[in-house]
Amino acid sequence: MTDNKGYSPFLQPVEGATSYEDKVVDAAFRDLLKCYVESNHRKKVEIIEKAFKFAKEAHKGARRRSGEPYILHPIAVARIVVEELGLGSTSICAALLHDVIEDTAYTREDIEIAFGKRIADIVEGVTKISGGIFGDKASVQAESFRKLLLSMSTDIRVILVKMADRLHNMRTLGSLRPEKQFKIAGETLYVYAPLAHRLGLSKIKYELEDLAFKYEHPQKYREIIEKINETEEHREAIVEKFVTPIRRMLDEAGFKYEIKARVKSAYSIYKKMENKKIPFEEIYDVYAVRVIFENDDDSLEKLRCWQIYTFFTEGHKLHPERLRDWVSVPKANGYRALHLTAMGPEGKWIEVQIRSRKMDEIAELGYAAHWKYKDGVNEDETELDTWMNTIKDILAHPEPNALDFLDTIKLNLFSTEIYVFTPKGDLLTLPKGATVLDMAFAIHSQLGLHCMAGKISHKLVPLSHELQSGDQVELITSNSRIPTPEWMDFCHTAKAKTRIRTFLKKANNVEILTPEEMERIATPESSQEEKRSLVKRLLRNPFSSKKKKGEKKSPKIDRGKVFRLYPDDKEPNYHIETCCSPLPGDEVLGFVNEDEEVVLHKVECPIAMRLKSVYGSRLVMTEWGGSSSRFMASVELDGIDRRGILEEIVDLVSHKFDINIRSMNISTSQEVFHCEMSFFTDTAERVDNLCESLLHLKGIKFAHRKG
């Protein structure tokens, strides 16, 4: 809607904008309205202006850590809601008002009177997430996280507005103190990125991961970004050479299309480097190409995807194990596309994603985009509804401990799916790694509790048998069969673990460990002290007091200052957790226990990630103030066996690095050997230098620090 001067009456300055700051706020709001007016939503500008004025008055005088007027934050969140999530006026109003209940004197009732029940419900839902889930007392408030999920299952816009809020907070994280940055980055990686993944918000998921990575590992982030930038020109040349014949075939076939080249996210590259223990140069799928075609007939969408697939088979060698057909069977988050990996110039593997325009919008916006295509008709149960039902099922059988509860939910957030069939041909989506027992619980709890075995292709398989995509499984049950503690080893899904743990607790009134905990505690090398520490850390409050009753606590530690670590003191001023065994020089985080003692974890330690998510107020930034030779470290080697290689390894470690080897285990298979050795050392840098030197020995292919 424009007047005869060519501009929208919606975009006029807000009345009363006089000071410089008012003009900045006014300009930001007009940019928001411009995005809304240019969207496909019905234009309900009046209620958006009303919400803006309400929020501006409520936050009057308030400022962010950066010093800017606080109202700029809700405006920015509302802009993400409309511009990046594609939502309409209800969500925009909720975004503008999302901090009003928490931070001002206004109540939920005030918002409902002014804007109605729907907007008030969403604002209240977002407030519950902000105030309860990751607050200082979150360790004893698992109920707050349940409220988040219940709000989500009632109106998904609650979590979408919160996702926009978190994204803007991450984009402006630089204005906070370092310990706050780590807390927010940690909970972002632990909860919000997986939520974005499950909701199909791939673009937001990757940005949240990269921003969290930037603040948790700034040096590693810079190194990867530098390597990506260094190879950009060469990469673009390779991709262009790869797609040139594809463009010709698409043109000849009459397709209207767009080809985008992209590189994997910095965080994805980092995770692959860490998991596979390989350098940047050895990651083969850094390159990716996306073909997006226009399609005006849904019935031809799948056919056209496969037609484009054939263009890549002409003149390119395809990776036989990298074809992914998510067109026929979408991912659990609604994602649909055809993926293949083809050999490009210079022997570089290039991942290709083939999508229609509709598929691409759903891939970027997830379930927010699904609404755009509903056309007001009732649809069958969506994958989102199915997932929400799983969440409701977990809520009905809750874990009492907040960390356990978060872990249970996380199993349902970040998982690669497999597809299996019942004897009647019904399709079930399960996470990769799921077993016969998981399938039984997925169908019905009673079926899981009494399952004995499964039958696949006329062959009997145990409860622990890991299912593969395409398996057709018949379940065998018996009323006399009931769960035993060993069943915890046989399952992978949150529902199965929760149901079994609940049954065993009721039957035996005992606390049940997870398989990973059982494995750690059962390790022969574990000392009694380590076992007790592990049980205390994972099953109870990780910051529970270790001092005897009546013993004096240490002086209170200032969380706002950097805590200097002195490993060379007779009694170091910190404790090291055995889950990750950090060395001087490692990036570490300190957590302050109830005795005001600093407990160290490596930044990337999985347990540290859990703790950051719910104990952020106990976080303290640290820096190493020295070194010590009493730290145990382990190194793993792989290589081609030859005469004299063991002698060279020992000579390098013992003489050139003056390191006393404490243990060494070597195994060989045909021409390949694997070696693990442990020794005392002083710094992480010394271990890294040793690994680098070992790689220069003839035949050594991999050398990396273990753990």
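Remark: the backbone N or O of Ala363 is paired with a side-chain donor or acceptor of Ser202 at under 3.5 angstrom. Panel note: side chain Thr622, backbone Gly590; no donor-acceptor pair is recorded below 3.5 Å. Counting only distance, with no hydrogens or angles, the side chain of Ser654 and the backbone of Asp651 share no donor-acceptor pair below 3.5 Å. In terms of modelled atom types and a separation under 3.5 Å, the side chain of Arg166 and the main chain of Ala193 share no donor-acceptor contact.
In this structure the side chain of His234 reaches within 4.5 angstrom of the side chain of Glu346, judged on heavy atoms. Taking the side chain as every heavy atom from C-beta outward, Leu85 and Ile204 approach each other to under 4.5 Å. Taking the side chain as every heavy atom from C-beta outward, Ile576 and Tyr574 approach each other to under 4.5 Å. Phe182 has its side chain within reach of Leu589: a pair of non-hydrogen atoms, C-beta onward, lies under 4.5 Å apart. Within the 4.5 Å cutoff, the side chain of Val603 has heavy atoms near those of the His217 side chain.
For the 3.5 Å distance criterion, the side chains of Ser634 and Ser678 qualify, holding a donor opposite an acceptor. With hydrogens and angles left out, the side-chain atoms of Tyr335 and Arg355 include a donor and acceptor closer than 3.5 Å.
Remark: Glu240 engages Arg247 in a salt bridge, criterion side-chain N to carboxylate O under 4.0 Å. The existence of a salt bridge linking Lys203 and Glu207 is excluded, since no basic side-chain nitrogen approaches an acidic carboxylate oxygen closer than 4.0 Å.
Around the CD atom of Glu274, the shell of radius 6.0 Å holds more than 12 heavy atoms that belong to other residues, nucleotides or ligands. Heavy-atom neighbours of Lys214 NZ from other residues, nucleotides or ligands within 6.0 Å: at or below the threshold of 12. Counted within 6.0 Å of NZ on Lys277, heavy atoms from surrounding residues, nucleotides or ligands total more than 12; the atom is thus considered enclosed.
Between Ala185 and Tyr215, the closest heavy-atom pair is CB-CB, 4.5 Å. Closest approach of Ala342 and Leu318 over heavy atoms only: CB-CD2, 3.6 Å. Taking all atoms of both residues into account, the shortest heavy-atom contact from Ile269 to Lys264 is CD1-O, 3.7 Å.
With rounding to the nearest 0.5 angstrom, the CD1 atom of Ile645 is 13.0 Å from the CZ atom of Arg643. Annotation: the span from Leu430 atom CG to Lys432 atom NZ amounts to 12.5 Å, rounded to 0.5 Å. Summarising the geometry, atom NZ belonging to Lys497 is positioned 8.0 Å from atom CG belonging to Asp438; distances are rounded to the nearest 0.5 Å. Taking OG of Ser265 as the reference point, atom CG of Leu211 lies at 11.0 Å (rounded to 0.5 Å). Annotation: the span from Phe563 atom CZ to Asn573 atom CG amounts to 4.0 Å, rounded to 0.5 Å. The structure places CD of Gln181 at 12.0 Å from CG of Asn169, a figure rounded to the nearest 0.5 Å.
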For this session: Carefully, step by step, assess Glu84 and Arg171 under the rule salt bridge (Lys or Arg N to Asp or Glu O under 4.0 Å).
Result: CA-CA 14 Å; Glu84 299 182 49; Arg171 287 173 176 173; 3.0 Å; yes
For this session: Kindly determine whether Lys241 and Glu236 satisfy salt bridge (Lys or Arg N to Asp or Glu O under 4.0 Å), including the steps that lead there.
Result: CA-CA 9 Å; Lys241 189 175 180 181; Glu236 287 177 353; over 6 Å; no
Exercise. Are Lys260 and Ile292 close enough, and set up right, to give a side-chain contact (heavy atoms from CB on, under 4.5 Å), and what steps lead you there?
Worked result: CA-CA 8 Å; Lys260 294 180 179 178; Ile292 304 164; 3.9 Å; yes
For this session: Using the salt bridge (Lys or Arg N to Asp or Glu O under 4.0 Å) rule, take Glu223 and Lys227 through it: C-alpha gap first, then chi angles, then the decisive distance, then the call.
Result: CA-CA 6 Å; Glu223 288 171 0; Lys227 287 181 181 294; over 6 Å; no
Problem set entry | CA sep, side-chain torsions, deciding dist, call: Arg324, Leu338, side-chain contact (heavy atoms from CB on, under 4.5 Å) | CA-CA 6 Å; Arg324 301 288 184 267; Leu338 190 60; over 6 Å; no
Problem set entry | Residues Phe213, Tyr270; criterion ring pair (Phe, Tyr, Trp, His ring centres under 6.0 Å); working and verdict | CA-CA 9 Å; Phe213 175 41; Tyr270 165 72; 4.6 Å; yes
For a quick test of your reading: what N or O donor-acceptor pairs under 3.5 Å do the side chains of residues 656-674 make, sequence neighbours left out?
residue : atom : partner : partner atom : Å
His674  : ND1  : Leu637  : O            : 3.4
His674  : ND1  : Asp638  : OD1          : 2.8
His674  : NE2  : Glu676  : OE2          : 3.2

Contacts under 3.5 angstrom, residues 696-705 side chains, donor-acceptor by atom type, not counting sequence neighbours:
residue : atom : partner : partner atom : Å
His696  : ND1  : Glu692  : O            : 2.9
Arg705  : NH1  : Asp586  : OD1          : 2.9
Arg705  : NH1  : Asp586  : OD2          : 3.0
Arg705  : NH2  : Asp586  : OD2          : 2.6

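Separation of the Phe242 and His316 ring centroids falls under the 6.0 Å cut-off.
Evaluation of the side-chain contact (heavy atoms from CB on, under 4.5 Å) rule for Thr681 yields Leu583, Ala633, Phe679, Arg686, Val687 as partners, not counting sequence neighbours.
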